[in-house]
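Because the structure is predicted, anything quoted here is derived from the model rather than measured.
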Amino acid sequence: MVGEMVENKQVIFKGYIEGVPKETDMELKVGNMIKLEAPKGSGAFLVKNLYLSCDPYMRGRMRDFQGSYIPPFNPGSVIEGFGVSEVLDSDNPNLRPGDLVSGLTGWEEYSLIYKTEQLRKIEPDDIPFSYHVGLLGMPGFTAYAGFYEVCAPKKGDYVFVSAASGAVGQLVGQLAKLHGCYVVGSAGTSEKVDILKNKLGFDEAFNYKEEQDLDAALKRYFPEGIDIYFDNVGGAMLDAALLNMRIHGRIAVCGMVSQHSISSPEGQHNLLALISRRIRMQGFLQSDYLHLFPRFLENVISLYKEGKIVYIEDMHEGLESGPAAFVGLFSGKNVGKQVIRVAYH
C-alpha cells in the first residue's frame with residue numbers, strides 16, 4: 001500500500017458565497033494521483049481519512065473575509081475540517097503508521113499533513129472513533145468549556161439551550177442535568193424534541209417552529225426566568241431569551257446559526273435587559289480554553305463509560321455525501337452530530 005500511486009477523491013470549494021450554502025458550492029472530483037508516502041525530510045505524515053466532521057463554523061470560511069479567527073477557504077482548493085484519520089506513512093518522529101489522529105484534515109480520501117498543532121493522537125479505546133470529532137472533539141469541548149467556564153453554573157440554576165439536539169447542545173444539556181440544574185431545550189422537529197426529553201434527559205423541550213411567540217413559550221417553560229442561556233442560534237431566540245433572563249443571568253454566545261447565511265445580519269432588539277437585569281453575555285471560542293482539554297477528555301470519557309451521558313450521531317456514508325450533509329446543517333436536517341464516514345478502519 002505505502003508507496004503506491006492512487007487516485008484521491010476530493011471535495012473542492014468552488015468559490016466565495018453569499019447566503020445559504022448549496023451543494024453546488026462544492027464539487028466532488030478525483031484529484032491528481034497521489035503517492036502514498038510522506039516525503040523524506042518534510043516532517044509530514046500521510047493519512048487515510050476515516051471520518052469527517054460537518055460544523056456550522058465552516059460556513060464562515062466560505063466567504064471572502066479575512067478578519068475572522070480562522071482564514072477563509074481558498075477557491076479551487078480542498079475543503080478543510082476536523083477529522084479522524086489513520087497514519088499510513090510518517091516522516092514525523094511523533095507518529096507511526098497505524099496511529100489514529102484527530103485534527104484538521106482535508107475533505108479527501110488521503111491527506112498529507114504538515115501542521116501538527118491541535119492534532120491529537122487517539123489512544124485505542126472502546127469508544128467509537130467517530131466520537132473524536134463530536135463528543136470528544138471540538139463540539140464536545142465547546143460544550144464543556146462554554147458551560148463550565150462561561151456560564152459559571154450553580155446547582156439549581158434554570159438552564160435553556162437552543163439547537164439542543166445538535167453537536168454542542170446535546171452535551172450542554174446533559175452536563176447541566178448532572179450539575180443539578182433544571183434544563184429546557186429547543187429544537188426544530190418533534191423527533192428532536194422527543195430525543196431531548198426521552199434520550200438526553202432534558203426536563204422539557206419544545207419545537208420552536210410550532211411557537212407563534214417565543215417570548216410566551218419561554219415564559220411557559222421558565223415562569224421564574226432563566227439563569228443560563230446557552231445560545232447556539234442568535235436572532236429571534238436570543239431576543240426572546242433576553243426578555244426572560246433572571247437578575248445576574250449568564251448568556252454564552254456559542255453560535256448564531258440563524259445568522260450564518262444572511263449577508264446583512266439582523267440586530268438584536270432587547271439588549272436593554274442586559275442593564276436592568278445585570279446580565280453577562282459573552283462570546284467564546286473553545287480554543288481559548290485548550291489548557292482544560294486533558295481534564296475534559298478524562299471527565300467526559302468516564303461519564304460516557306458510566307452511562308451518565310449519551311451522544312447521538314447522524315452518519316452519512318461516503319465522501320460523495322459530504323456536500324449534502326454539510327448543507328443540511330443549515331436547515332436542521334441532521335439529528336445529532338453530523339459526521340461523514342469516508343472509509344472503514
Side-chain angles (χ1 to χ4, degrees), residues 127-128 131 134-208 217-233 237-238 240-241 244-246 248-255 280 282 284 286 289 292 295-314 334-337:
I127 291 176
Y131 279 25
L135 178 65
L136 304 177
M138 182 273 288
F141 186 53
T142 299
Y144 183 90
F147 181 63
Y148 290 118
E149 300 299 310
V150 181
C151 296
K154 298 188 293 293
K155 188 175 178 182
D157 276 347
Y158 293 93
V159 177
F160 175 48
V161 186
S162 54
S165 69
V168 175
Q170 59 175 302
L171 183 56
V172 172
Q174 292 179 89
L175 293 175
K177 282 302 298 171
L178 289 167
H179 202 76
C181 301
Y182 176 82
V183 187
V184 177
S186 65
T189 68
S190 52
E191 178 194 9
K192 292 177 182 179
V193 167
D194 184 59
I195 286 169
L196 291 173
K197 292 202 286 196
N198 298 318
K199 276 198 177 166
L200 300 175
F202 282 60
D203 293 292
E204 280 292 349
F206 65 92
N207 181 348
Y208 70 89
L218 291 179
K219 283 187 168 49
R220 200 164 73 238
Y221 289 103
F222 294 99
E224 296 179 54
I226 300 166
D227 292 297
I228 290 171
Y229 172 37
F230 198 99
D231 182 29
N232 289 306
V233 301
M237 190 66 86
L238 175 55
N244 288 278
M245 298 302 293
R246 299 175 84 175
H248 298 303
R250 287 85 71 204
I251 300 175
V253 184
C254 176
R280 179 166 61 80
Q282 182 184 335
F284 73 100
Q286 53 88 26
Y289 300 98
L292 300 175
R295 191 174 86 199
F296 150 73
L297 269 189
E298 190 181 327
N299 289 358
V300 173
I301 286 172
S302 68
L303 287 170
Y304 176 76
K305 287 185 171 176
E306 290 164 21
K308 291 183 178 170
I309 54 175
V310 296
Y311 202 67
I312 295 166
E313 288 183 314
D314 193 332
N334 57 303
V335 179
K337 168 75 192 127

With sequence neighbours left out, what residues match E149 under side chain to side chain donor-acceptor pair (under 3.5 Å)?
none

Enumerate the residue pairs fulfilling salt bridge (charged side-chain N to carboxylate O under 4.0 Å, His left out) with a member in residues 175-192, sequence neighbours excluded, ordered by first and then second residue.
K177-D203

Would you please name every residue forming a salt bridge (charged side-chain N to carboxylate O under 4.0 Å, His left out) with E306, sequence neighbours left out?
K308

Partner residues of F141 under the ring pair (Phe, Tyr, Trp, His ring centres under 6.0 Å) criterion, sequence neighbours left out
F293, F296

Closest heavy-atom pair and its distance - F202, G185:
CD2-N, 3.5 Å

For Y144, enumerate each residue passing the side chain to side chain donor-acceptor pair (under 3.5 Å) test, keeping only those at least two apart in sequence or located in another chain.
R295, N299

Identify the heavy atoms of S162 and N232 that sit nearest to each other, and give their distance.
O-ND2, 2.8 Å

Residues pairing under salt bridge (charged side-chain N to carboxylate O under 4.0 Å, His left out) where one sits in residues 160-175, two or more places apart or in two chains, turn out to be none

Work out which heavy atom in N334 is nearest to a heavy atom in D314; give both atom names and the distance.
CA-OD2, 3.2 Å

When the side chains of residues 163-175 are checked against the rest of the protein, which donor-acceptor pairs come out under 3.5 Å, sequence neighbours left out?
{"from": "Q170", "atom 1": "OE1", "to": "I312", "atom 2": "N", "distance (Å)": "2.8"}
{"from": "Q170", "atom 1": "NE2", "to": "G166", "atom 2": "O", "distance (Å)": "3.4"}
{"from": "Q170", "atom 1": "NE2", "to": "I312", "atom 2": "O", "distance (Å)": "3.1"}
{"from": "Q174", "atom 1": "OE1", "to": "V310", "atom 2": "N", "distance (Å)": "2.8"}
{"from": "Q174", "atom 1": "NE2", "to": "Q170", "atom 2": "O", "distance (Å)": "3.0"}
{"from": "Q174", "atom 1": "NE2", "to": "V310", "atom 2": "O", "distance (Å)": "2.8"}

Correct closest heavy-atom pair for A205 and V193 would be O-CG1, 3.7 Å

Which residues satisfy the side chain to side chain donor-acceptor pair (under 3.5 Å) test with D227, sequence neighbours excluded?
R246

Hey, could you give me each pair passing salt bridge (charged side-chain N to carboxylate O under 4.0 Å, His left out) that has a residue in residues 150-166? Not counting sequence neighbours.
D157-R250

Looking at residues at least two apart in the chain, or sitting in another chain, which of them share a side chain to side chain donor-acceptor pair (under 3.5 Å) with K305?
D125

How far apart are the closest heavy atoms of C254 and F230, and which atoms are they?
CB-CE2, 3.5 Å

To the nearest 0.5 angstrom, please state how far the OG1 atom of T189 sits from the CD1 atom of I195.
7.0 Å

Could you tell me which non-hydrogen atom of A252 sits nearest to which non-hydrogen atom of V150, and how far apart they are?
CB-CG1, 3.8 Å

Under the ring pair (Phe, Tyr, Trp, His ring centres under 6.0 Å) test, residues paired with Y229 that sit two or more places apart:
F160

Going by the rule salt bridge (charged side-chain N to carboxylate O under 4.0 Å, His left out), which residues pair with K199 if we only count those two or more places apart in sequence or in a different chain?
none

